[in-house]
Amino acid sequence: MSLAFDEYGRPFIILREQERKTRLRGTEAVKANILAAKTVARTLRSSLGPKGMDKMLQSPDGDVTVTNDGATILAQMEVQNQIGKLLVELSRSQDHEIGDGTTGVVVLAGSLLEQAESLLDMGIHPLRIAEGYEMACKVATQHLDSIATKWDFNPDDVEPLVQTCMTTLSSKVVGRLKRQMAEICVKAVLAVADLPRRDVNLDLIKVEGKVGGAMEDTRLVEGIVIDKDFSHPQMPKELKDVKIAILTCPFEAPKPKTKHKVDIDTVEKFETLRQAEQQYFNDMVAKCKEAGATLIICQWGFEDEANHLLMHNNLPAIRWVGGVEIELLAMATGARIVPRFEELTADKLGSAKSVREVGFGTTKDRSIIIEGCPNLSAVTIWVRGGNRMVLDEVRRSLHDALCVARNLVRDNSIVYGGGAAEISCSLAVEAAADKVVGVEQYAMRAFADALEAVPLALAENSGLPSIESLTAVKARQLADSNPHLGIDCNDVGTNDMRKQNVFETLIGKKQQMFLATQVWAWTLGRKERYNKHVILVVS
């Protein structure tokens with residue numbers, strides 16, 4: 001390899017031995033892609049389940065992330081292979097659509113590709129393998145519908161939602177507080193849910209946090225938390241029965257849109273200009289007072305003169321509030337967003353029972369908590385943690401639990417976890433494969449074997465003998481026709497997931513199988529690849 005320059009002085013790299021560069025075609029290219037996918041899947045395999053291990057990731061900038069969330073791990077890994085990147089997108093798709101099961105979908109996809117490799121060695125065409133996988137996926141999803149359980153809930157009985165969220169949180173850093181965190185997430189989802197339409201807008205749930213304190217201090221705020229403080233240090237720190245004006249216009253003197261120049265050569269002219277500017281500020285403050293506002297929330301900043309006048313007129317204010325927070329505040333308090341001072345009237349004000357500024361430890365960090373809003377259509381989960389890494393991981397864990405609660409509001413069907421659903425589907429696919437005449441039956445049996453990768457990984461990560469544990473549970477399911485038996489990861493003493501209260505959403509499990517099956521069809525299309533690449537470096 002040598003470095004050369006073109007006629008414009010731009011460097012590029014010349015690879016020697018170009019005549020030895022080879023191209024992988026057909027089955028060899030597919031196997032190379034499978035190898036890359038298996039490597040990525042094995043990386044995540046040890047993070048699956050309640051006893052899964054966390055991964056420590058270091059970015060090129062030196063930032064460290066500790067997590068066992070599959071989507072986060074893959075997003076921060078520098079994956080170069082195209083099939084490896086496909087698994088990254090696969091996990092991201094599961095995270096966006098379902099919010100949970102990001103590790104399981106990659107483990108299942110890697111197992112499907114691994115099983116397909118042995119089928120290729122048997123001489124089966126990749127297209128027939130893809131057809132067999134699709135047939136098996138259809139059988140498995142239909143079987144999931146048959147073993148699913150409907151869990152009815154209402155605002156007075158949310159225990160089903162709490163139990164399912166606890167299953168999601170059991171493998172997270174908040175596992176020892178899973179009951180408390182699950183109840184917080186369920187209350188937040190039901191606060192913003194439209195139950196008649198069975199819809200939840202998670203954008204109305206804001207997850208905020210500050211470093212310090214313990215995870216036990218995490219709580220649900222029935223209102224909005226703003227990471228700001230009052231604009232003047234002498235303003236009151238706590239307000240009751242507040243009338244709130246939300247402004248998107250700055251407390252500043254008007255400025256011409258064109259370039260201008262003002263010549264001031266005497267003290268009288270300067271004083272005239274100062275008085276005119278002060279009059280603008282007096283008019284702005286007077287309009288806010290006339291409307292009856294007792295708190296100003298502004299999207300933009302204040303000049304020092306305006307801030308001084310607001311303090312002396314006993315009108316607390318918060319500045320530099322973001323656009324998203326402005327919208328949430330408007331929905332929660334019932335206020336109208338006012339773009340000009342001339343449009344501010346009493347009917348456009350919002351209300352809240354309490355607005356207070358809180359501090360944290362010995363630092364200068366401050367936050368504003370707005371509670372007692374008339375429209376409980378926006379809530380905030382206030383997270384505390386010992387350091388930044390813990391805080392970020394708690395946020396990711398709560399996001400997964402919020403998504404699970406939302407999915408149950410949309411579709412209250414659940415299946416049992418601990419690998420019970422995968423083992424039951426594996427038995428169903430094996431039985432269906434016996435009725436298929438063509439070579440697709442081999443692909444269907446391979447699909448059934450791939451489904452067992454999830455309970456195998458659960459047993460392995462829990463320190464159990466994986467083959468013996470899987471064989472025993474599979475034999476009991478077959479003998480008792482009981483689809484609720486899974487791997488006893490927590491060593492409770494029973495394999496019945498109903499007694500352990502281990503649940504997963506039906507739509508999440510079906511989505512895992514759909515996405516993992518589609519990976520093989522995409523890998524099949526990558527029939528050519530170079531084993532070396534010419535690298536062009538442009539300055």
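Since the model is a prediction, treat every value here as computed from it, not as a measurement. Residue numbers run from 1 in the order of the sequence given.
- Looking at Arg274 and Glu305, no side-chain N of the basic residue comes within less than 4.0 Å of a carboxylate O on the acidic one, giving no salt bridge.
- A salt bridge between Asp411 and Lys150 is present, with a side-chain N of the basic residue lying under 4.0 Å from a carboxylate O of the acidic one.
- Between Lys206 and Glu208 there is a salt bridge, with a side-chain nitrogen of the basic residue lying less than 4.0 Å from a carboxylate oxygen of the acidic one.
- Contact record, Asn461 with Leu48: ND2-O, 2.8 Å, taken as the closest heavy-atom pair.
- The two residues Val409 and Asp199 make their nearest non-hydrogen contact at CG1-N, 4.4 Å.
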Starting from the C-alpha separation in whole Å, work towards a yes-or-no answer on side-chain hydrogen bond (donor to acceptor under 3.5 Å, both in side chains) for Thr345 and Asp347. CA-CA 6 Å; Thr345 56; Asp347 60 330; 2.3 Å; yes
side-chain hydrogen bond (donor to acceptor under 3.5 Å, both in side chains) between Thr67 and Glu393: does it pass, once the steps are laid out? CA-CA 6 Å; Thr67 181; Glu393 182 64 5; 2.8 Å; yes
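- Expressed to the nearest 0.5 Å, how far CD of Glu422 lies from CE of Met513 amounts to 5.5 Å.
- Considering Gln180, Arg176, Arg384 in turn, Arg176 is the only one that fulfils the side chain to side chain donor-acceptor pair (under 3.5 Å) rule with Glu216.
- The CG atom of Leu328 lies 4.5 Å from the CE atom of Met331; values are rounded to the nearest 0.5 Å.
- Of the charged side-chain nitrogens involved, none lies within less than 4.0 Å of a carboxylate oxygen, so that Lys269 and Asp263 do not count as a salt-bridged pair.
- Interatomic distance, Cys137 SG to Gln512 CD, rounded to the nearest 0.5 Å: 11.5 Å.
- For the residue pair Asn307 / Ser231, a side-chain donor-acceptor distance below 3.5 Å is found, with atom types taken as modelled.
- When all heavy atoms of Pro250 and Phe341 are compared, the closest pair comes out as O-CE1, 3.7 Å.
- With Val174 as the partner, the side chain to side chain contact (heavy atoms under 4.5 Å, CB included) test is satisfied by one option alone out of Val383, Val394, Val390, Thr218: Val394.
- Within a 6.0 Å radius of CZ in Arg336, other residues, nucleotides and ligands contribute 12 heavy atoms or fewer.
- Here the straight-line distance linking atom CG of Leu169 with atom CG of Leu398 works out to 7.0 Å at 0.5 Å rounding.
- When all heavy atoms of Ala245 and Leu344 are compared, the pair lying nearest together is CB-CD1, 4.1 Å.
- Gln275 and Glu271 form a side-chain donor-acceptor contact under 3.5 Å, judged by distance and modelled atom types alone.
- Residue Lys187 qualifies as open at atom NZ: its count of foreign heavy atoms under 6.0 Å is 12 or below.
- The number of heavy atoms from other shown groups lying within 6.0 Å of CG (Asp304) does not exceed 12.
- Crowding of Lys353 atom NZ: a count of heavy atoms from other residues, nucleotides or ligands under 6.0 Å not exceeding 12.
- Within the model, atoms OG1 of Thr65 and CD of Gln58 stand 10.0 Å from one another, a figure rounded to the nearest 0.5 Å.
- A donor and an acceptor atom, one from each side chain of Asp283 and Gln279, are located under 3.5 Å apart.
- More than 12 heavy-atom neighbours from other residues, nucleotides or ligands sit within 6.0 angstrom of NZ on Lys85.
- Between Asn313 and Lys289, the closest heavy-atom pair is O-NZ, 3.1 Å.
- The side chain to side chain contact (heavy atoms under 4.5 Å, CB included) test with Leu402 is passed by exactly one of Cys185, Ser397, Cys165: Cys185.
- Atom OH of Tyr280 has 12 or fewer heavy atoms from other residues, nucleotides or ligands within 6.0 Å.
- For the atom pair CD1 of Ile246 and CG of Leu329, the computed distance is 5.0 Å after rounding to the nearest 0.5 Å.
- Put simply, the side chain of Phe251 reaches to within 4.5 Å of the side chain of Leu310, judged on heavy atoms.
- The nearest pair of heavy atoms linking Asp400 to Asp69 is OD2-OD1, 3.3 Å.
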